[in-house]
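Right, one structure below, let's go through it.
Order of the sequence lines fixes the chain letters, A, B, ..., with proteins taken first and strands second; residue numbering starts at 1 for each chain. The figures here come from the full heavy-atom set of this structure, side chains too, leaving out hydrogens, waters and symmetry mates.
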Amino acid sequence: MNVLEGLNEAQATAVNVVKGPLLILAGAGSGKTKTLTHRIAHLIANEAIWPNQILAVTFTNKAAKEMRERLGRLLDQDGSRRDFMPWMGTFHSMCVRLLRQDGQAINISRNFVIYDEDDRQSLIKQAMKQLGVVDREMKPSQLSGIISHSKNQMIDPDEFEASASYPYQKNVAKIYRQYEQMRNDAKALDFDDLLLEGVRLLRDAPDVRAKWRSHFKHILIDEYQDTNAAQYQIVKLLINEDQNICVVGDDWQSIYSWRGADFTNILNFEKDFPGAVVVKLEQNYRSSGNILAAAANVIEKNTQRTDKQLWTAKGPGSPVQVHGVYDEAEEARMVGERIATHVQIKARNYGDFAVLYRTNAQSYTLERAFLQLRIPYQLVGGIRFYDRKEIKDVIAYLRLLYQPNDRMSFTRIANVPVRGVGATSLEKFLNWQSEHGFDIITALVHIENTQVVTGKAKSGLSALGRTLKLLQLKVETSTPAELIEAVITMTGYKDYILDGSPQAEDREANIGSLLSDAQTFTDLPDFLEEAALMSSADTSSDGQKVTLMTLHAAKGLEFPVVFIIGMEEGIIPHARVFEASPADLEEERRLAYVGMTRAREELHLSYAYSRLQFGQRTYNPLSRFISDMGDQITLTHSQLGIMGQKQTDEPFYSDEIGLEVGDGVRSAVFGIGEVIDVEGMAVTINFSNGQTKKLNAEYAHLEKL
DNA sequence: TCATTTAACGTTTTT
DNA sequence: CGTTAAATGA
């Protein structure tokens with residue numbers, strides 16, 4: 001097998017340099033994943049490295065899955081067979097594996113559960129309740145942010161309290177401490193803990209560190225510009241004396257600094273690993289010239305960046321189109337109608353389009369318009385599948401069975417379905433349980449012989465206890481799917497969701513998807529890990545639908561036609577950066593750059609004269625990024641969209657199509673032909689392949705010959 | 001204890 | 001504007 005086949009010179013170097021540190025600076029669309037996959041294949045096929053001695057870290061689970069599949073194809077192996085695959089996954093999932101295996105070395109329970117952002121916030125709420133904090137200014141979401149930030153800086157509650165000077169901060173410290181206490185009691189780790197405890201494990205347990213250091217002969221890290229301090233530590237701890245580390249990234253595409261990502265990690269790589277080979281991938285295989293040039297014009301305004309010269313062998317292609325509209329409803333309709341027309345004339349499939357926006361809230365208007373226009377669409381992000389109520393409920397049951405100290409999960413399902421357990425009874429029970437040191441399921445079984453709670457609550461809780469006890473016996477012997485089936489029938493959950501309401505069908509379907517998801521797992525912890533770490537962006541894409549997602553979720557993807565909506569000051573760039581630092585504005589600029597470089601052939605940007613935000617009508621000026629794009633753009637606007645704009649000599653949707661009967665034209669789809677009729681926008685063309693088509697000249701990118 | 005009504009709140013991005 | 005949490009009454 002020749003793993004160098006189809007690679008350019010720079011890519012081939014990146015594959016061939018197999019010893020020592022390697023930094024690959026990969027511009028947008030430069031074949032980064034391809035290079036990485038070929039490199040791994042090369043190591044396995046030609047360098048006699050065992051797959052499991054390779055650690056490949058990706059930014060999302062989806063990226064890992066994709067890479068597995070590509071590698072499988074390259075090596076002619078079944079990509080789903082994990083045993084013949086390198087360790088591939090996110091830093092988080094890798095840490096889970098390390099902690100499950102060796103966590104006891106630093107006193108981490110083997111069956112810990114993972115708390116996501118929602119879990120964390122409700123636990124914070126509980127912590128506040130227990131501490132009797134009544135301050136309305138203390139919002140769980142805000143506290144969650146502070147705690148997360150502190151954890152990323154490796155500041156524990158003691159240190160936080162020591163540096164707290166204001167009463168507010170002292171209160172935060174108290175809540176932080178209580179949160180940690182309760183989380184510990186529940187044998188749970190939150191997202192930040194996974195990384196932090198991963199660092200602690202490798203740092204404080206020398207034999208564990210030694211084991212993994214010698215185990216991983218090669219470490220590859222994708223999206224290195226988005227690594228944070230803890231992830232950086234993990235890398236440093238895992239690298240052995242051979243220094244076979246390969247990182248790939250692009251500082252121009254660093255868009256996660258708000259999450260602690262530090263793109264100076266990539267800028268400092270050569271200092272960190274002396275003697276590193278640096279390879280720049282600068283040929284862009286994705287976008288046509290005009291798109292690339294406009295994007296370059298935007299990113300060049302940033303001062304904090306490396307220098308790179310992206311180029312393409314493709315022609316200039318169509319110019320970037322900027323559309324002015326009146327409001328968000330017209331914007332959504334404009335996007336929808338353009339897509340529908342493209343598809344109607346068979347120039348494109350729905351799957352060729354993506355609509356990108358800055359905030360999830362913007363998807364609402366799009367969805368309504370698309371439903372009305374009957375355009376099939378697929379929403380990436382927003383509510384994760386695993387965030388749906390019924391899914392979380394079932395997961396909570398499973399988590400409780402797996403880790404009977406998980407109070408959070410118990411509180412969630414104690415009265416779901418309704419079994420007469422109110423807030424007061426629940427509290428009484430939990431107090432009694434923690435006093436006696438039973439785990440929750442044992443405590444439930446014992447409740448019958450006590451007077452802690454009475455009446456309905458008592459019978460409800462002990463019945464639940466008996467059911468859970470029975471289910472617990474199945475944990476070891478059943479597959480996750482069987483367990484879910486048992487849970488929903490034995491607890492009455494199935495009847496509970498089938499209440500005859502209009503949503504019942506949806507819920508049942510969701511449980512069905514959960515079941516089929518679970519089929520692929522053989523043991524419970526693996527399944528629970530998947531449920532916790534699966535991100536909203538990880539949903540697999542459907543080829544026949546328009547993709548709707550945030551700019552962040554679009555990173556790493558590409559589409560023939562991309563729409564970016566809301567190109568206004570206050571949206572892109574987001575209003576929040578106006579009072580923040582210049583560095584934050586630079587991140588917005590990178591975000592716009594990431595969005596623009598997703599487009600292969602067509603890029604449409606739109607802005608609205610007026611927009612409904614927070615239920616209030618706002619009027620935002622045109623985004624500064626559009627003015628930065630230079631002359632690779634053409635402006636059009638609807639009659640309504642022109643309102644409020646100063647200059648009025650821009651053309652409206654033009655009736656001029658510049659085509660007459662007898663003209664020769666070239667269509668990207670149908671080839672060369674001759675115009676035989678023109679009626680306004682509709683042009684009838686006799687193509688040389690014998691076909692006669694009536695096309696809309698506005699959308700069917702026709703080139704006059 | 002539970003269902004219905006009312007108030008408040010939110011919108012940056014996510015592992 | 002739309003959703004969710006708190007407050008009220010049955």
Side-chain angles (χ1 to χ4, degrees), chain A residues 57-64 89-96 114-118 120-122 125 136 139-142 144-145 148 151-152 189-196 198 223 226-228 230-231 254-261 328-329 356-365 367-368 380-384 386-387 389 415 417-426 453-457 460 529-530 532-538 549-555 566 570-578 580 584 587-588 590-592 594-595 611-618:
Chain A
V57 183
T58 57
F59 192 67
T60 61
N61 294 300
K62 189 183 179 185
T90 61
F91 273 107
H92 290 85
S93 63
M94 185 196 72
C95 285
V96 171
I114 302 167
Y115 279 2
D116 65 15
E117 183 57 31
D118 279 355
R120 165 148 72 190
Q121 287 190 26
S122 29
K125 227 190 230 165
R136 303 277 294 157
K139 291 190 204 98
S141 58
Q142 218 169 16
S144 168
S148 173
K151 286 191 172 187
N152 280 323
L189 299 180
D190 63 30
F191 282 152
D192 300 314
D193 292 326
L194 293 177
L195 299 177
L196 231 54
E223 309 282 11
D226 286 324
T227 47
N228 66 23
Q231 292 166 337
S254 163
I255 53 175
Y256 283 98
S257 71
W258 50 271
R259 209 170 82 191
E328 75 281 352
L356 311 181
Y357 36 82
R358 179 65 234 263
T359 67
N360 276 310
Q362 287 172 268
S363 73
Y364 181 78
T365 323
E367 287 187 77
R368 288 227 320 221
V380 177
I383 355 115
R384 303 186 313 167
Y386 285 100
D387 279 347
K389 277 184 221 73
N415 201 31
V418 178
R419 40 178 82 89
V421 185
T424 37
S425 317
L426 183 62
V453 289
T454 50
K456 254 186 173 174
E529 178 196 324
E530 157 107 350
L533 296 181
M534 191 57 113
S535 85
S536 49
D538 289 335
M549 61 187 157
T550 63
L551 288 161
H552 281 87
K555 194 170 81 160
I571 305 208
I572 314 173
H574 194 267
R576 198 173 168 116
V577 307
F578 293 160
D584 290 320
E587 180 144 320
E588 293 291 308
R590 292 194 292 270
L591 192 55
V594 167
R611 188 177 293 276
L612 208 55
Q613 287 177 289
F614 302 94
Q616 268 195 325
R617 203 142 274 293
T618 53

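Of the inter-residue distances, the one linking A/Thr359 atom OG1 with A/Tyr364 atom OH reads 14.5 Å to the nearest 0.5 angstrom.
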Mind listing the N/O atom pairs, protein and nucleotides 2-5 of chain C, below 3.5 Å?
unit_1 : atom_1 : unit_2   : atom_2 : d
C/dG2  : OP1    : A/Tyr364 : OH     : 3.2

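Considering only heavy atoms from C-beta on, A/Leu189 stays 4.5 Å or farther from A/Tyr115 through its side chain.
Toward the 5′ end of DNA chain B lies the nearest nucleotide of A/Val421, the other residue of the pair A/Trp258 and A/Val421 mapping further downstream. Sequence order on DNA chain B of the closest nucleotides to A/Ala423 and A/Ser141 puts A/Ala423 first from the 5' end.
Counting to the nearest Å, the C1' atom of B/dT15 and the CG atom of A/Asp118 are 14 Å from each other. As rounded to whole Å, 11 Å separates atom P of B/dT13 from atom CG of A/Leu551. Here the P atom of nucleotide B/dT13 and the OH atom of A/Tyr357 are 10 Å apart, to the nearest Å. Straight-line distance from the CZ atom of A/Phe191 to the P atom of B/dT14: 12 Å, rounded to whole Å. Across the protein-nucleic acid pair, A/Leu591 atom CG and B/dT13 atom C1' stand 7 Å apart, rounded to whole Å. The separation between A/Ile571 atom CD1 and B/dT13 atom C1' is 14 Å, rounded to whole Å. Taking atom CZ on A/Arg576 and atom C1' on B/dG10, their separation rounds to 12 Å, with Å as the unit. In this entry the distance linking CG of A/Asn61 with P of B/dT15 reads 8 Å, nearest Å.
Heavy atoms of A/Val577 sit nowhere under 4.0 angstrom from any nucleic acid atom.
For A/Asn152 and B/dT15, the shortest distance from a side-chain N or O to OP1 or OP2 is not below 4.0 Å. Neither OP1 nor OP2 of B/dT15 sits under 4.0 Å from any side-chain N or O of A/Ser93. OP1 or OP2 of B/dT15 has not a single side-chain nitrogen or oxygen of A/Thr60 nearer than 4.0 Å. Between A/Asn360 and the phosphate of B/dT13, there is a side-chain N or O to OP1/OP2 separation shorter than 4.0 Å.
The side chain of A/Tyr256 sits closest to B/dT14 out of B/dT14, B/dT11, B/dT15. When distances run from any side-chain atom of A/Thr550 to the nucleotides B/dC2, B/dT1, B/dT14, the shortest one goes to B/dT14. Side-chain atoms of A/His92 lie closest to B/dT15 of the nucleotides B/dT13, B/dC2, B/dT15. Ranking B/dG10, B/dT13, B/dT15 by closeness to the A/Arg259 side chain, first place goes to B/dT15. Considering only side-chain atoms of A/Asn415, the nucleotide from C/dC1, B/dC2, B/dT14 that sits closest is B/dC2.
In terms of modelled atom types and a separation under 3.5 Å, the side chain of A/Asn360 and the main chain of A/Thr550 share no donor-acceptor contact. Under the 3.5 Å distance criterion, the side-chain polar atoms of A/Thr618 are matched with a main-chain donor or acceptor of A/Arg611. Side chain of A/Asn61 to main chain of A/Leu533: a donor-acceptor pair is present (N/O by atom type, distance under 3.5 Å, no hydrogens or angles).
Under the side chain to side chain donor-acceptor pair (under 3.5 Å) criterion, A/Thr58 pairs with no residue at all, not counting sequence neighbours. The side-chain contact (heavy atoms from CB on, under 4.5 Å) check on A/Lys125 picks up A/Pro140, with sequence neighbours excluded.
Side-chain rings of A/Tyr256 and A/Phe59 approach one another, their centers coming within less than 6.0 Å.
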